[in-house]
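Presented below is the structure to which this report refers.
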Amino acid sequence: MPSVLISLSSFGAAEVGRHGQLWCTEIARQAGADGSEVRGELLRDATAELPALQGRAAVYSSPEGLFAPDGSLDVVALMRGLHIAQSLQAARLKMAIGDFSGNSHDALPALKQQLAQQHVELLIENDQTQAAGTVGALQAFFKAQDTAGLDLGMTFDMGNWHWLGECPLQAAKLFAARVRYIHCKGVQRQPAKWVAVPLAESIAPWRAVLRALPGDVPRAIEFPLIGDDLVAVARVQVALIRTV
């Protein structure tokens, strides 16, 4: 049975802003989750919050891209993400590739060297941007990293593909061998945009997507958890994800 985490963004920016991510990790624990994903973009005061969160995060999610707009490796962003992950005692750092391009290939040996000195595993997520979230962009990156002798796994976000007009089931079949972490996210289409929803409310074939992915990697809730009793709401969703 895979471990189930909760991405703390699931509690909403307003709720996290009101209570802080430490409070959210306690809700996740009481709901039976196996851990939490701490979100860099939701840290209000990193200096004060990170020490209190130490040991409570399985994953640190960096809001920064791995490659800068000019295609160069963003060493500052990478090292910042690794440093925070280490300070949290998180085993994994999640980043998107950012602006990886043909100009970026020469930087991959330096990336390999940087990561060889770390005890944190870097995972690459498909985000909602054309540069870092399409099948083509990610295939190009993974092909280049294979050539460079890197072995970075993937955070597969089930919902983000919809924002870019990609088929999540097709993507699951293409990337399954690389997937080491899954963001579980249902989707609904509103007139002007896609929105994230709980899996049971999704219009996407989420069960088929999950079954096409490795069954032994951690899964994280990354959809809105809303209700008067957040522990009860989260507990139901954790239990559902464990059953698939």
Side-chain angles (χ1 to χ4, degrees), residues 2 4-19 21 24-25 27-28 31 33 35-43 57-63 65 94-96 123-135 138 154-172 175 179 181-213 217-244:
V4 178
L5 313 181
I6 296 180
S7 170
L8 301 185
S9 59
S10 300
F11 294 105
E15 199 77 357
V16 176
R18 185 178 303 115
H19 298 288
Q21 292 192 69
C24 295
T25 65
I27 298 294
S36 298
E37 177 185 305
V38 167
R39 305 288 297 205
E41 73 274 17
L42 295 178
L43 289 170
V59 179
Y60 172 64
S61 173
S62 170
K94 179 178 74 64
M95 297 181 76
L123 298 179
I124 301 300
E125 181 184 29
N126 57 297
D127 67 9
Q128 295 177 10
T129 69
Q130 287 288 334
T134 62
V135 166
L138 288 155
M154 182 178 183
T155 296
F156 188 97
D157 188 296
M158 296 166 57
N160 283 350
W161 303 106
H162 294 272
W163 272 257
L164 298 165
E166 301 274 15
C167 172
L169 187 54
Q170 180 184 22
F175 293 114
V179 174
Y181 181 41
I182 302 168
H183 265 187
C184 297
K185 180 189 294 176
V187 294
Q188 287 279 1
R189 180 67 184 178
Q190 293 187 350
K193 61 181 180 180
W194 288 97
V195 295
V197 298
L199 293 178
E201 301 172 22
S202 182
I203 64 169
W206 63 272
R207 290 181 184 273
V209 172
L210 271 180
R211 288 168 178 158
L213 296 171
V217 303
R219 301 171 176 180
I221 290 171
E222 205 209 18
F223 51 76
L225 295 171
I226 302 169
D228 293 332
D229 186 342
L230 284 175
V231 172
V233 170
R235 185 180 291 122
V236 169
Q237 299 301 332
V238 168
L240 173 63
I241 290 171
R242 286 197 202 281
T243 65
V244 181

Search all heavy atoms of [X] against all heavy atoms of [Y] and return the closest pair with its distance.
{"X": "Ala33", "Y": "Arg242", "answer": "CA-NH2, 4.3 Å"}
{"X": "Asn126", "Y": "Asn160", "answer": "O-ND2, 2.9 Å"}
{"X": "Ser61", "Y": "Glu41", "answer": "O-OE1, 4.3 Å"}
{"X": "Pro63", "Y": "Tyr60", "answer": "CD-OH, 4.1 Å"}
{"X": "Thr134", "Y": "Trp161", "answer": "C-CZ3, 4.0 Å"}

Find out whether [X] and [Y] are in side-chain contact, i.e. whether some heavy atom of one side chain is under 4.5 Å from a heavy atom of the other.
{"X": "Arg219", "Y": "Leu210", "answer": "yes"}
{"X": "Phe175", "Y": "Leu213", "answer": "no"}
{"X": "Cys24", "Y": "His19", "answer": "no"}
{"X": "Ser202", "Y": "Val187", "answer": "yes"}
{"X": "Val217", "Y": "Tyr181", "answer": "no"}
{"X": "Leu42", "Y": "Leu8", "answer": "no"}
{"X": "Gln170", "Y": "Val135", "answer": "no"}

Does NZ or CZ of Lys185 come closer than 6.0 Å to the centre of the six-membered ring of Trp194, within 45° of the ring's axis? no

Drop me the distance from [X]'s [atom1] to [Y]'s [atom2], to the nearest 0.5 angstrom.
{"X": "Asp157", "Y": "Gln128", "atom1": "CG", "atom2": "CD", "value": "7.0 Å"}
{"X": "Met154", "Y": "Glu125", "atom1": "CE", "atom2": "CD", "value": "8.5 Å"}
{"X": "Trp206", "Y": "Ile241", "atom1": "CH2", "atom2": "CD1", "value": "7.5 Å"}
{"X": "Phe223", "Y": "Ile6", "atom1": "CZ", "atom2": "CD1", "value": "8.5 Å"}
{"X": "Lys94", "Y": "Glu37", "atom1": "NZ", "atom2": "CD", "value": "5.0 Å"}
{"X": "Ile182", "Y": "Phe156", "atom1": "CD1", "atom2": "CZ", "value": "8.0 Å"}

Please report the C-alpha distance between Val238 and Ile221 in whole Å, then the side-chain angles of each, then the deciding distance to 0.1 Å, and finally whether the side chain to side chain contact (heavy atoms under 4.5 Å, CB included) criterion is met. CA-CA 8 Å; Val238 168; Ile221 290 171; 3.8 Å; yes

